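In what follows, every chain begins at residue 1, and chains take the letters A, B, ... in the order their sequences are listed. Computed from a prediction, not measured in an experiment: that's the story for all the values here.
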2 protein chains.
Amino acid sequence: MSTKDRLIESTRALLWERGYVGTSPKAIQHAAGAGQGSMYHHFSGKEELARAAIDRTAEEMRAGIDAQLSGPGTALERITAYLHREREVLRGCPIGGLTQDPEVMATPALREPVDQTLSWLRARLAQVVAEGIAAGELSPALDPAATASSVVATLQGGYVLARAADSPQPFDQAVEGVLALLRSSAPR
Amino acid sequence: MSTKDRLIESTRALLWERGYVGTSPKAIQHAAGAGQGSMYHHFSGKEELARAAIDRTAEEMRAGIDAQLSGPGTALERITAYLHREREVLRGCPIGGLTQDPEVMATPALREPVDQTLSWLRARLAQVVAEGIAAGELSPALDPAATASSVVATLQGGYVLARAADSPQPFDQAVEGVLALLRSSAPR
DNA sequence: GTCTATATTCGGATAGAC
DNA sequence: GTCTATCCGAATATAGAC
């Protein structure tokens, strides 16, 4: 892995763990085993490096989720699989967590990929919900966009509850709770 | 309002807006119109002040929600009212947002009130769900604790989606989505 | 109780040698 | 490309006068 790649990977890890305001150039350099000069040779500064790191995380996440939601199975099965996707619950969502960082929200270049990723996710999930309705698996009374937002919010909020409790339990409960509601709304 | 009170109130606002790592003693002093000496006279440092601020926010939130959930109306009506409670959506939850702050999570004295508040909220809401099941308003197939976690997670996650999109829309969608699911799960 | 002065370390970067 | 030196202001206090 090149020095540039190591800088990006270290930044990804630190942004996930400490956020943008909580991450210093010095910490990034140390984690990457690179000197100051090296970092400022490859990137104009902390912001450009963070953008590269966020982009990489966003692309990875998007590709993984899309593969899962586009895979085989009924709509409800794919939503269930997505909700049960393996996650490092106590670390939170590496993209969603950035919405709490004041500098990220105030910097268009950093905010953009976060916005795009979560908007894409809601839209993609709404498609799957619509497929489920069309197939008669889900109630035609459901609004695909609203239901999709609820599912994504359950995950994002599940992370918050799990981190507060220092336990994955509330996350798992929230997921099972929303799945039970989805299943119980099926046409009978 | 005393200087001490102004320090606490300013800290509350800054913690909400910028988090703990993003808030400096200097910024607090400036917002409170107090000098350094003043702050260090009333509090041992940033941590003790933050604890006082978080405690105050947590108590306020808890009292307000409890009043609403203990009020008149059926269980489903009270849950609906709680979900429709007026909120500054784009600012996020002043308690839930702290779970994303690495220093808060690493400091037991700061983490404790956050944990307590969200745990209390899940338990309180689970009671209301149980009342709804007992009254025949909600499906007896629902698990009160899981359903309560889903409802709280929908709110916390709704804030995340709204902040990412810089619009309250995804929050409102998530709330309406979960309410539709709750209603559609009612025994028929 | 509040103020000003001082101290130490970190944050975020630039300059220029190798 | 990478390194070391250097810069300036901010973060987080402590000390002691008023």
* To do: Starting at atom CG of A:Leu49, determine the distance to atom P of C:dA13, rounded to an integer number of angstrom.
  => 10 Å
* **Any side-chain heavy-atom pair of A:Val114 and A:Thr99 under 4.5 Å** => yes
* Nearest-angstrom distance from the residue atom CD of B:Glu47 to P of D:dA11 -> 18 Å
* For B:Ser24 and D:dT12, is the shortest distance between a side-chain N/O and OP1 or OP2 below 4.0 Å? -> no
* To do: Please report the C-alpha distance between A:Asp143 and B:Glu176 in whole Å, then the side-chain angles of each, then the deciding distance to 0.1 Å, and finally whether the side chain to side chain contact (heavy atoms under 4.5 Å, CB included) criterion is met.
  => CA-CA 9 Å; A:Asp143 173 25; B:Glu176 295 313 315; over 6 Å; no
* To do: In whole angstrom, give the distance that lies between atom CG of A:Asp5 and atom P of D:dG1.
  => 13 Å
* Can you check the B:Arg6 CZ to C:dT2 C1' distance for me, whole Å? -> 12 Å
* Would you mind classifying the nucleic acid contact of B:Thr23 as base, sugar-phosphate or nothing, using non-hydrogen atoms under 4.0 angstrom? => sugar-phosphate
* Determine to 10° how strongly the helix from C:dG1-D:dC18 to C:dC18-D:dG1 is bent, judged from the axes of its five-pair ends. => 0°
* **Nearest-angstrom distance from the residue atom NZ of A:Lys26 to P of D:dT6** => 15 Å
* To do: Please state how far atom CG in A:Leu14 lies from atom P in C:dG11, giving the value in whole angstrom units.
  => 11 Å
* **Expected output: side-chain A:Arg122 to main-chain A:Ala148 donor-acceptor under 3.5 Å** => no
* To do: May I ask you to list the residues of residues 28-43 of chain B, by number, that have any heavy atom positioned under 4.0 Å from an atom of DNA chain D?
  => B:Gln36, B:Tyr40
* Asked: Is A:Ser10 reaching over with its side chain to a backbone N or O of A:Leu7, donor-acceptor style, under 3.5 angstrom?
  -> no
* Is there any salt bridge (charged side-chain N to carboxylate O under 4.0 Å, His left out) pair reaching into residues 1-14 of chain A, and which pairs are they, with sequence neighbours excluded? -> A:Asp5-A:Arg56, A:Glu9-A:Arg12, A:Glu9-A:Arg56, A:Arg12-A:Glu60
* **For the student: nearest non-hydrogen atoms of B:Glu137 and B:Ala186, plus distance** => O-CB, 3.4 Å
* Say whether, by atom type as modelled, one donor and one acceptor occur between the side chain of A:Ser185 and the main chain of A:Leu182 under 3.5 angstrom. => yes
* Asked: Is there a side-chain contact between B:Val128 and B:Tyr82 (heavy atoms, below 4.5 Å)?
  -> no
* Would you find more than 12 non-hydrogen atoms of other residues, nucleotides or ligands less than 6.0 Å from B:His30 atom NE2? -> no
* OP1, OP2 of C:dG1 versus side-chain N and O of B:Thr3: anything below 4.0 Å? -> no
